[in-house]
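This report concerns only the one structure given below.
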Amino acid sequence: DGVRGPSAGGSGQDNTYNFDGVNVNLPLFGTLSAEPATHDIEQFAVVKGGADATDFNRSAGISLNSVSRSGTNAYHGTLSYQVQPESLIADRETTSASVFEEDKDWLTANFGGPIVQDRLFFYVSYYAPTSTRENRENLYGDVPDYESTRDEFFGKLTFSPTASILLNASYRTSDRTADRSPAPD
């Protein structure tokens, strides 16, 4: 329950997480089965206190819904690259027996706009975080080095055939690779 976020008298298993209205919980565990990138989130809403029957969503804890970005009548995009080398991180104060040096970097790109002015819009994004851990050890000795890479693509079409109808279709794919090299002798 320390990582699952108990809320409103419910355990962490009682929480409900939605992405564009779709439940992305792992059944029985109350944790996210998806990792939507934060740059794809336009807004989110939290309903707490499962005793309230309005917006209950079968949740005894919290119900969180995030809404993804959409294209607009203007073309907009961002491109960013961030680096967080081990040399810029303060000494880690931890009660864990695990010791390591970690380098991180992130590539984020997104672009959206109109296909048909005022009617049909698109939004696409790419997210590529990398994490590398070296000089790892725990109470039992040396641990293999570790590298995690992720390639995530997201695309969304938004169609408004009339002023009172809005249709969305989206697709997300995420490929994560974790590589452990042999522990040093």
Side-chain angles (χ1 to χ4, degrees), residues 1-8 10-27 29-84 104-131 148-177:
D1 281 341
V3 295
R4 290 189 285 184
S7 175
S11 76
Q13 286 179 244
D14 296 327
N15 296 335
T16 304
Y17 302 96
N18 296 308
F19 185 73
D20 283 338
V22 176
N23 187 324
V24 291
N25 275 33
L26 283 172
F29 296 103
T31 57
L32 288 169
S33 63
E35 297 177 291
T38 57
H39 64 274
D40 289 336
I41 304 297
E42 181 70 31
Q43 59 183 314
F44 71 94
V46 178
V47 177
K48 61 182 185 170
D52 184 3
T54 307
D55 292 329
F56 181 62
N57 296 329
R58 299 180 59 200
S59 174
I62 62 169
S63 177
L64 186 137
N65 185 38
S66 54
V67 179
S68 62
R69 288 186 176 184
S70 296
T72 63
N73 274 328
Y75 292 102
H76 293 281
T78 60
L79 176 64
S80 71
Y81 180 70
Q82 300 173 42
V83 179
Q84 182 180 332
K104 293 181 178 182
D105 63 83
W106 304 264
L107 173 65
T108 304
N110 60 50
F111 187 69
I115 297 173
V116 177
Q117 197 78 13
D118 295 325
R119 293 285 182 235
L120 182 61
F121 311 96
F122 75 95
Y123 174 81
V124 293
S125 72
Y126 174 68
Y127 180 54
T130 302
S131 173
S148 173
T149 58
R150 179 172 149 196
D151 287 310
E152 178 174 302
F153 297 93
F154 176 68
K156 181 176 181 180
L157 291 175
T158 302
F159 181 51
S160 180
T162 69
S164 60
I165 297 175
L166 183 66
L167 304 171
N168 291 302
S170 63
Y171 179 76
R172 177 179 305 281
T173 181
S174 184
D175 181 36
R176 180 186 298 265
T177 305

Nearest heavy-atom contact between Gly113 and Tyr75 is CA-CD2, 3.8 Å
- Item | Side chain to side chain, Ile41 and Phe19, heavy atoms closer than 4.5 Å | yes
From the list Phe121, Tyr123, Phe122, ring-ring contact (aromatic ring centres under 6.0 Å, His included) with Phe111 holds only for Phe122
Worked check of side-chain contact (heavy atoms from CB on, under 4.5 Å) between Thr38 and Tyr127:
CA-CA 10 Å; Thr38 57; Tyr127 180 54; over 6 Å; no
Correct closest heavy-atom pair for Asn110 and Arg69 would be ND2-NH1, 3.9 Å
Heavy-atom closest pair (Ser148 atom, Arg176 atom, distance to 0.1 Å) is OG-NH1, 3.5 Å
So OG of Ser68 and CD of Gln43: to nearest 0.5 Å the spacing works out to 10.0 Å
Shortest non-hydrogen pair, Pro114 vs Asn73, comes out as CG-O, 3.7 Å
- Message: Tell me whether Arg150 contacts the main-chain N or O of Ala128 through its side chain, where contact means a donor paired with an acceptor under 3.5 Å.
- Response: no
OG1 of Thr162 to CZ of Arg119, rounded to nearest 0.5 Å, is 7.5 Å
- prompt: For atom OH of Tyr81, is the number of surrounding heavy atoms from other residues, nucleotides or ligands below 6.0 Å larger than 12?
  reply: yes
Value for CG (Leu120) from CG (Leu167), rounded to nearest 0.5 Å, stands at 10.5 Å
For Phe44 and Ser66 the tightest heavy-atom approach is CB-CA, 3.9 Å
Does the plane of the ring in Tyr126 sit parallel, tilted or perpendicular to the ring in Phe153? Use 30° and 60° as the thresholds. tilted
Between Asn18 and Asn65 the two heavy atoms that sit nearest each other are CB-OD1, 3.2 Å
Salt bridge present between Lys156 and Asp40 (N-O < 4.0 angstrom): no
Here the gap from Asp105 atom CG to Thr130 atom OG1, rounded to the nearest 0.5 Å, amounts to 4.5 Å
Side-chain contact, heavy-atom cut-off 4.5 Å: Leu107 with Leu79? yes
